Amino acid sequence: MRISGVDGVPGGWVVCVLSGSGRTREVTWTVVPDAASVLAATAGCDAVGIDIPLSVPAGAQRREAEILASARLGRARSSLFPTPPAPVLDAGSYDEACAAAQAVTGKKISLQTWYIVGKIREFQQVRLPSSVVEAHPELTFRTMAPSRAFAAKKTARGAGQRVAALSEWVPSAASLGDLPTAA
């Protein structure tokens with residue numbers, strides 16, 4: 001079995017591929033420049049989870065996936081911010097994006113949302129295989145360790161809890177030592 005997790009990094013995407021099963025999984029890391037390269041790097045994977053909205057709402061309504069994820073995250077729902085409506089993807093500046101969002105939803109977008117608009121655009125321009133799904137890291141950790149009450153991710157305790165949750169999926173925490181510099 002081959003599974004992959006993908007997240008945006010400055011100038012591209014970090015791709016983690018887990019091959020094999022159980023404690024003998026092989027972990028490989030790469031950084032690629034764009035969505036097409038992500039799909040090439042994950043070709044043949046049984047499942048690929050990407051931390052970016054893969055669909056955008058046409059109107060003011062939040063996506064059902066966000067509503068469900070927000071409910072499941074509970075207090076950690078602040079790590080999930082609303083996906084901008086489709087007209088925001090055509091904006092050339094933050095001010096234009098805010099105006100487009102406000103026209104559709106009545107609210108401006110955050111600067112954090114603006115910073116991922118280019119990444120969202122990339123995946124709007126490629127055809128996704130059925131093995132590719134949108135993923136949210138905090139929801140993923142809570143699925144891997146459902147009985148754990150996670151501390152904030154930026155604390156030592158929170159980081160340790162997330163590494164512990166990963167220990168069922170990667171051969172050892174040492175696998176994280178090979179993370180690319182950009183990640």
Side-chain angles (χ1 to χ4, degrees), residues 2-19 25-56 63 65-66 69 73 76-84 88-94 97 109-129 131-145 150-156 158-167 169-183:
R2 291 182 72 217
I3 58 175
S4 180
V6 180
D7 198 3
V9 295
W13 300 89
V14 62
V15 179
C16 176
V17 176
L18 302 175
S19 302
R25 278 191 178 97
E26 179 183 325
V27 180
T28 57
W29 298 95
T30 55
V31 175
V32 297
D34 54 38
S37 300
V38 166
L39 298 181
T42 60
C45 284
D46 298 293
V48 179
I50 302 177
D51 182 17
I52 200 74
L54 296 177
S55 67
V56 294
R63 300 177 309 143
E66 288 175 41
L73 286 168
R77 72 178 142 266
S78 63
S79 66
L80 179 70
F81 48 93
T83 299
V88 168
L89 301 184
D90 296 327
S93 70
Y94 177 63
I109 63 167
S110 69
L111 197 53
Q112 182 182 18
T113 299
W114 171 246
Y115 289 145
I116 67 164
V117 164
K119 302 275 190 199
I120 296 170
R121 281 185 197 131
E122 284 186 44
F123 277 95
Q124 296 297 302
Q125 297 171 4
V126 295
R127 189 164 194 270
L128 299 174
S131 58
V132 174
V133 296
E134 182 177 325
H136 185 275
E138 290 304 305
L139 192 57
T140 302
F141 283 118
R142 281 155 178 79
T143 301
M144 287 190 284
F150 283 90
K153 67 182 180 179
K154 293 186 179 182
T155 65
Q161 289 173 324
R162 286 156 180 80
V163 170
L166 285 171
S167 69
W169 290 91
V170 296
S172 74
S175 301
L176 300 175
D178 290 334
L179 277 166
T181 305

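We number each residue from 1, following the sequence as shown. Computed from a predicted structure; not experimentally measured.
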Item checked: Where Val88 and Arg121 come nearest, the two heavy atoms and their spacing -> O-NH2, 4.4 Å

Next item on the list: Would you check if Ile116 and Pro84 make a side-chain contact, meaning some heavy-atom pair closer than 4.5 Å?
Entry: no

Margin query: Does any part of the side chain of Arg162, heavy atoms only, come nearer than 4.5 Å to the side chain of Pro137, both counted from C-beta?
Written below: no

Notebook entry, point to check: What residues form a side-chain hydrogen bond (donor to acceptor under 3.5 Å, both in side chains) with Thr140, not counting sequence neighbours?
Noted result: none

Check: Does some side-chain heavy atom of Arg142 sit less than 4.5 Å from a side-chain heavy atom of Leu73?
Finding: yes

Item checked: Any Leu54 side-chain heavy atom under 4.5 Å of Val133 side chain -> no

Note to self: For Pro180 versus Val31, what's the shortest heavy-atom pair and its separation?
What the structure shows: CB-CG2, 3.4 Å

Check: Roughly how far apart are Asp51 CG and His136 NE2, rounded to 0.5 Å?
Finding: 6.5 Å

Notebook entry, point to check: Nearest heavy-atom pair of Ala165 and Phe150: which atoms, and what distance?
Noted result: CB-CZ, 4.3 Å

Next item on the list: Over all heavy atoms of both residues, which pair between Ala91 and Trp114 is shortest? Give the atoms and the distance, please.
Entry: O-CH2, 3.7 Å

Checklist line | Where at least one partner belongs to residues 3-16, residue pairs that pass side chain to side chain donor-acceptor pair (under 3.5 Å), sequence neighbours excluded | finding: Trp13-Glu122

Notebook entry, point to check: Within a strict 4.5 Å, meaning less than it, do heavy atoms of the Tyr94 and Val117 side chains meet?
Noted result: no

Margin query: Could you measure the distance from the CD atom of Gln125 to the CD1 atom of Ile120? Nearest 0.5 Å is fine.
Written below: 12.0 Å

Next item on the list: State the OG1-CZ distance between Thr28 and Arg2, to the nearest 0.5 angstrom.
Entry: 7.0 Å

Notebook entry, point to check: Roughly how far, to the nearest 0.5 Å, is the CG atom of Leu166 from the CD atom of Gln161?
Noted result: 12.0 Å

Next item on the list: Could you tell me whether the side chain of Leu18 reaches within less than 4.5 Å of the side chain of Cys16, counting heavy atoms only?
Entry: yes

Notebook entry, point to check: Considering residues at least two apart in sequence or located in another chain, which fulfil the side-chain hydrogen bond (donor to acceptor under 3.5 Å, both in side chains) criterion with Thr155?
Noted result: none

Check: Any side-chain heavy atom of Val132 within less than 4.5 Å of one from Leu39?
Finding: yes

Checklist line | Taking every non-hydrogen atom, the tightest pair across Ala36 and Val126 | finding: N-CG1, 4.2 Å

Item checked: Gly12 backbone acceptor or donor facing Lys119 side chain under 3.5 Å -> yes

Note to self: Under a 4.0 Å threshold between the charged nitrogen and the carboxylate oxygen, would Arg77 count as salt-bridged to Glu66?
What the structure shows: no

Margin query: To check you understand the geometry: which heavy-atom pair defines the closest contact between Arg63 and Pro53, and what is its length?
Written below: NH2-CB, 4.0 Å

